[in-house]
Amino acid sequence: MLTTAGKNLIAAALTNIGSPTLFTNANSYIGLGDSTTAESASHTDLQASTNKVRVGMESGYPSVTNNVITFKAVFGAAQGNFAVNEWGVFNASSSGTMLSRKQVNVGTKNGGTWTVTVTLTIG
């Protein structure tokens with residue numbers, strides 16, 4: 001779900017009003033958390049109180065093909081070891097704007113490496 005803050009950032013970027021932080025490779029992050037709180041457009045961060053982490057993009061991401069934006073991050077063995085129940089896309093390693101959030105149980109990460117890909121369709 002696109003957040004209200006994400007929609008406002010898109011509108012500002014399209015009209016060149018203000019100075020929104022764009023979702024470039026250097027500024028884009030996928031966050032994982034353990035909250036089961038239902039998603040809401042009003043959310044500005046993951047809803048987990050402690051078990052949450054953000055990881056930056058892999059080289060070449062985000063990418064755009066037609067109207068689909070793809071974000072991709074690799075969570076290493078020491079990152080995100082908890083029951084993952086939510087994800088979000090951000091333009092900063094902390095704070096910043098959360099473009100989108102989804103509440104969904106994707107499993108429990110316990111060591112190992114997870115590659116997380118998020119695709120957002122604009123349309």
Side-chain angles (χ1 to χ4, degrees):
M1 162 182 291
L2 281 178
T3 65
T4 300
K7 291 175 186 178
N8 290 337
L9 184 141
I10 290 168
L14 288 173
T15 57
N16 198 28
I17 294 174
S19 52
T21 300
L22 302 179
F23 285 79
T24 65
N25 177 264
N27 295 334
S28 294
Y29 296 81
I30 294 175
L32 300 178
D34 69 354
S35 176
T36 58
T37 300
E39 57 204 57
S40 168
S42 66
H43 289 157
T44 58
D45 195 2
L46 295 174
Q47 298 301 289
S49 58
T50 56
N51 286 330
K52 59 183 173 181
V53 62
R54 295 183 191 182
V55 172
M57 294 292 100
E58 287 292 285
S59 178
Y61 290 90
S63 65
V64 177
T65 302
N66 298 320
N67 63 328
V68 178
I69 306 168
T70 302
F71 299 88
K72 182 178 179 182
V74 175
F75 290 76
Q79 298 168 307
N81 291 311
F82 44 77
V84 178
N85 292 308
E86 61 178 334
W87 58 257
V89 176
F90 300 87
N91 67 355
S93 60
S94 63
S95 298
T97 299
M98 181 169 64
L99 178 64
S100 182
R101 176 179 178 266
K102 179 73 175 173
Q103 189 282 308
V104 59
N105 180 341
V106 296
T108 299
K109 184 175 179 300
N110 190 9
T113 300
W114 276 19
T115 299
V116 178
T117 303
V118 173
T119 58
L120 300 177
T121 301
I122 306 299

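Please read all numbers here as calculations on a predicted model, not as lab measurements. One-based numbering along the sequence shown.
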Connected to M98, directly or through other members, by ILVMFWY side-chain contacts below 4.5 Å are Y29, L46, F90
Single-linkage hydrophobic cluster, 4.5 Å side-chain cutoff, [X] and [Y] together:
X   : Y    : value
L2  : V64  : yes
V74 : V116 : no
I30 : V106 : yes

Just verifying a value: how many Å separate [X] [atom1] and [Y] [atom2], rounded to the nearest 0.5 Å?
X    : Y   : atom1 : atom2 : answer
N91  : N27 : CG    : CG    : 6.5 Å
E86  : T37 : CD    : OG1   : 7.0 Å
R101 : H43 : CZ    : NE2   : 5.5 Å

Between [X] and [Y], which heavy-atom pair has the shortest distance, and what is it?
X    : Y    : result
S63  : G60  : CB-O, 3.7 Å
F71  : F23  : CE2-CD2, 4.1 Å
S100 : L120 : OG-CD2, 3.8 Å
G33  : A48  : CA-CB, 4.1 Å
T70  : Y61  : O-CD2, 3.4 Å

Kindly write out the residues that satisfy salt bridge (Lys or Arg N to Asp or Glu O under 4.0 Å) with K72, not counting sequence neighbours, or none if the list is empty.
none
Can you pull the salt bridge (Lys or Arg N to Asp or Glu O under 4.0 Å) pairs that have at least one residue in residues 41-70, sequence neighbours excluded?
D45-K52, D45-R54
Evaluation steps, side-chain contact (heavy atoms from CB on, under 4.5 Å), between I122 and I69
CA-CA 8 Å; I122 306 299; I69 306 168; 4.1 Å; yes
Side-chain donor-acceptor pairs under 3.5 Å in residues 8-16, sequence neighbours left out?
from : atom 1 : to  : atom 2 : distance (Å)
N8   : ND2    : T4  : O      : 3.4
T15  : OG1    : A11 : O      : 2.8
T15  : OG1    : A12 : O      : 3.4

Not counting sequence neighbours, list each pair that qualifies as a side chain to side chain donor-acceptor pair (under 3.5 Å) and has a residue in residues 102-115.
N81-K109
Residues which pass side chain to side chain contact (heavy atoms under 4.5 Å, CB included) with N51, listed by chain and number, not counting sequence neighbours:
D34, F82
